[in-house]
Amino acid sequence: MHTGNSFPMGDIQMGGIPESHSRVQEGPGLIRDAVQEGPGLIRDAEPGRGPNRKIFAGKRKTHWALVIFSVLSLIVSQAVATLLNRYYFDDGGNSRWISTLVQSVGCPILFIPLVFYQGKQASKITPLTPKLVLIYVGLGLLLAGDNLLYSWGISYMPVSTYSLLCSSQLAFNAVFAFILNKQKITPYILNSLVLLTLGAILLAVHSDGDRPKGVNTAKYIVGFICTVAASAIYGLLLPLMQLVFNRVMKKETFAVVLEMQIFTSIVATVVCIVGLFVSGEFRDMKKEAENFTTGKVAYYMTLIWSAIGWQVCSVGGVGLIFLVSSLFSNVISTLALPIVPILSVALFHDRMEALKIISMLLSIWGFVSYIYGCCYAS
C-alpha cells in the first residue's frame, strides 16, 4: 500500500517509499546486499578467533537489532498512518489536499538521521546542481500527484479494499522496472502479476454494499480508479528513483537515500500547500475541526500523528534499504497490506465478504510468488 512517501525500494516494486523511498536492482541476493549496502556493521569485522570473533558477533547483533527495529517501524507506522487517514474522512474530514499534505509535511524529521549520519561519516550533502534540482522537482511533482490520487482513493473506499488494491503496486513496479531498470521477469514474478490483477478485478466486481457511508456507485468508481492510478504512478516512481541513483548520483548510500526522500517531499509539500490555498480548502480547516465527530483536539491529533506516522514509515524504509537492501525494504512495506484489512474490520467494521477474502488471499499468494521470483532471479 501506499506509504505516503517515495523512498526508493529497489528496482522492484512498490515501493513503494520510499522511498529512498526506498531501490536497487533485484539481481543481488538479500544477504549480499546487506553487506554491500549496510552501514559496515558486519563488513568492518571479519569472523575469527578470540577478540575478533566477539567483535564480529557483537556487530552482527547490533545490525539485526536495527533491522528488526526498522521492520517494526515500517509495518506499524504504515498501518497506523493508513488507518488514521481513513479515520479522518470517516469522522468529518473532507479535504483531499489536507490528507495529501500530511503524507509529506513531516519530512523535516528526516534531517535528524541525515545530520547524525553525516556527522558520524564526515560526509556532506550532495551538491544541488541544476540537473539534480530539476530531477528533485520532477520527482516531487510526481510524488504530490501520487499522494493526491491516494487521498481521493481512500476517501471513497473502505480501507480494507483500498489497501488490497494498493498491492497492485507490485505489478506496476515489476513492469516499469523491467522497462527502465532491465529487471528480470521470472515465471514466479509473472505469476504474481496475474494473481494481483485477478485480485483487483474481484474487488472491482465486488462493489455493491462495500462502500463508506454516503458514497454512491459513481464515487466508488472514482476511488477505485484513483487508487489503481496512484499505484501505477508509485510503481513508476520507484524505478525512476533507482535510475537517478544509478545514472546521476552513481551511488546509493544512506545519506543519498535520505536526501532523495527529503527534497522530493519538500517539493511535494510545497505543491500541496499551493493546492490547499488555491482550492480554498484551507478556509474550511477551522470548520472541519469544530464539526469533527470526536472533537477539535482529535481532529488536530489525527493530522499530527498521521504526518508523524508517514515519516516514521519513511525512516523505517530508508533504514532497511541501508541495512539490508532496497528489495527487502519494498518487501516489508508490502507485508503490511494484509494487516490493514484485518484491522479495518475491527476498527471501522468493514465487511470481509467471500470475494474480498479471496482477493486478499490472491494478493498474499502473489506477494509470496513475487518475493520467491526475486530471490530466484538472484
Side-chain angles (χ1 to χ4, degrees), residues 3-10 12 14-24 26 28-47 51-81 106-123 238 241 245 251-262 265 308-336 339 371 374-375 378:
T3 62
N5 308 290
S6 63
F7 41 89
M9 293 182 170
I12 87 204
M14 212 172 133
I17 254 77
E19 13 160 194
S20 282
H21 306 260
S22 341
R23 301 155 215 224
V24 293
E26 296 177 357
L30 293 178
I31 300 301
R32 184 165 64 253
D33 283 344
V35 177
Q36 291 176 343
E37 297 184 17
L41 291 175
I42 295 180
R43 184 177 56 222
D44 292 343
E46 296 296 332
N52 287 339
R53 185 183 184 88
K54 292 181 180 180
I55 292 174
F56 179 74
K59 291 192 174 184
R60 285 193 62 182
K61 289 180 180 179
T62 301
H63 176 85
W64 289 111
L66 291 173
V67 169
I68 293 172
F69 175 79
S70 297
V71 167
L72 293 177
S73 296
L74 178 56
I75 292 179
V76 174
S77 60
Q78 180 172 295
V80 169
C107 61
I109 294 176
L110 299 181
F111 276 108
I112 297 175
L114 177 61
V115 171
F116 175 79
Y117 177 81
Q118 288 180 328
K120 185 176 180 181
Q121 300 295 323
S123 59
L238 305 185
M241 289 184 168
F245 284 133
K251 59 181 178 178
E252 185 171 353
T253 64
F254 184 59
V256 169
V257 169
L258 277 175
E259 289 171 17
M260 173 75 78
Q261 172 64 21
I262 290 171
S265 293
I308 293 174
W310 286 123
Q311 294 313 309
V312 172
C313 177
S314 294
V315 171
V318 170
L320 288 179
I321 290 174
F322 183 56
L323 293 165
V324 185
S325 72
S326 55
L327 169 61
F328 187 74
S329 176
N330 195 23
V331 167
I332 297 301
S333 179
T334 310
L335 185 61
I339 298 175
I371 301 312
C374 293
C375 294
S378 66

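Positions are given from 1 along the sequence. When reading the values below, keep in mind they use all heavy atoms of this one structure, side chains included, and skip hydrogens, waters and symmetry mates.
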Q) At what distance, to the nearest 0.5 angstrom, does CG of Leu110 lie from CD of Glu259? A) 11.5 Å
Q) What closest approach, in Å, do Gly309 and Ser77 show between heavy atoms, and which atom pair accounts for it? A) O-CB, 3.3 Å
Q | Side chain to side chain, Ser73 and Val315, heavy atoms closer than 4.5 Å | A | no
Q. Closest approach of Gln261 and Ser314, non-hydrogen atoms and distance?
A. NE2-OG, 3.4 Å
